[in-house]
2 protein chains.
Amino acid sequence: MQDRLDRTFAALADPTRRAILARLAHGEATVAELQKPFSISQPAISKHLKVLEGAGLIERGQDRQARPRRLRLAAVDETSAWLDQLRSLWTDSFDRLDTLLRSPGTEAPHTQDRKG
Amino acid sequence: MQDRLDRTFAALADPTRRAILARLAHGEATVAELQKPFSISQPAISKHLKVLEGAGLIERGQDRQARPRRLRLAAVDETSAWLDQLRSLWTDSFDRLDTLLRSPGTEAPHTQDRKG
DNA sequence: AGGCTATATAGCCGATCGGTTATGCGCAAG
DNA sequence: CTTGCGCATAACCGATCGGCTATATAGCCT
């Protein structure tokens, strides 16, 4: 349950893998297609894909001899859900109000102004 | 610019560090306080805090000889922003409609039904 | 000053990561 | 049925990670 989050965040921590996800957001793609933008070997790409799949961020399809990958938005959602929850903990806690009032204006209030 | 995202996601990939963030969401805390829930050494905690600070997820305060940490929600926001952008790429792309129609019902449509 | 408290740094260790090359394996087509 | 394409796996490598112990620094408090 927690292990999954570990793997999702870890998978997202690599720029190559994020680029792959961005590419897959436009639609499914084969390994060869995914490799094109990069100057690394095909096995390296396969490894990245394995990590992404292990994190549940992508899934493998089958089309003739190709195995196209597609994005699993569910995993993306679960990940943002954790971040949202963290924000909730923050906004629900008034303890830190004291902290903010005494702090040297390090940051704006930032109570709920996201997504605007 | 990208390096920052790398570090943020990497920082979030560790359960201890996520727990620390969750704790800090309730208000600032000293190193000793943050260590309490865990059975690892104080230097290990300091290392985790260094990673979190390097990712911009927390900042160091000063209160007498203590250096309390507090959450930097801005970094959390930037991270969810990337995920949101990924979702936008997805929803803006109709290419994958074809993919979905031909897929063996692996997943529900999932067009915009998040946060419900 | 000298000691206590709070935290940071250094150096070590085994494990994991991200890359490589070499090779295997399934499928399609001549 | 062999050749070639698409992809996966294995084995190896240096670098980074997450933990440890030992030690250093910094700021109270006698």
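Residue numbering restarts at 1 for every chain, and letters A, B, ... go by the order of the sequence lines. From a predicted model like this one, the values you see are computed outputs, not experimental measurements.
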5' precedence on DNA chain D between A:Arg60 and B:Ala10 (nearest-nucleotide basis) = A:Arg60

With side chains defined as the heavy atoms from C-beta onward, is the minimum distance between B:Val76 and B:Leu73 less than 4.5 Å?
-> yes

Interatomic distance where CG belongs to A:Leu49 and C1' belongs to D:dC7 [whole Å] = 10 Å

Are any side-chain N or O atoms of A:Arg67 and backbone N or O atoms of A:Gln65, one a donor and one an acceptor, separated by less than 3.5 Å?
-> yes

Under the side-chain contact (heavy atoms from CB on, under 4.5 Å) test, residues paired with B:Ala19 that sit two or more places apart = B:Phe38

B:Asp6 atom CG is separated from D:dT16 atom P, nearest whole Å, by 13 Å

Calculate the interatomic distance between A:Arg7 atom CZ and D:dC17 atom C1'; express it in whole Å.
-> 18 Å

Which of C:dG18, D:dG18, D:dC7 is nearest the side chain of B:Asp14? It is D:dG18

side-chain contact (heavy atoms from CB on, under 4.5 Å) assessment of B:Leu52 paired with B:Leu24 = CA-CA 12 Å; B:Leu52 288 169; B:Leu24 288 178; 5.7 Å; no

Between protein and nucleotides 20-30 of chain D, map the contacts as a letter string: B base, S sugar-phosphate only, - none, heavy atoms under 4.0 Å, written 5' to 3'.
-> SBB---SSS--

Most 5' of A:Ala13 and B:Glu53 on DNA chain C, judged by nearest nucleotide | B:Glu53

Is a salt bridge present between A:Asp14 and A:Arg18, judged by a nitrogen-to-oxygen distance below 4.0 Å?
-> no

Provide, to the nearest angstrom, the distance between the CD1 atom belonging to B:Ile20 and the C1' atom belonging to D:dG19.
-> 14 Å

Tell me, please, which residues at least two apart from B:Ala13 pass side-chain contact (heavy atoms from CB on, under 4.5 Å).
-> A:Phe9, A:Ala10

Taken to the nearest whole Å, NE2/A:His48 to P/D:dA8 is 14 Å

Below 4.0 Å: OP1/OP2 of D:dG6 and any side-chain N or O of A:Arg69 = no

Between C1' of C:dG18 and CD of A:Gln35, the distance in whole Å | 15 Å

Whole angstrom value for the distance that separates C1' of C:dG18 from CZ of B:Phe9 = 19 Å

Tell me, which pairs form a side chain to side chain donor-acceptor pair (under 3.5 Å) where one or both residues lie in residues 39-54 of chain B, sequence neighbours left out?
-> B:Arg17-B:His48, B:Gln42-B:Ser46

How close or far is atom C1' of D:dG19 from atom NZ of B:Lys50, stated in whole angstroms?
-> 16 Å

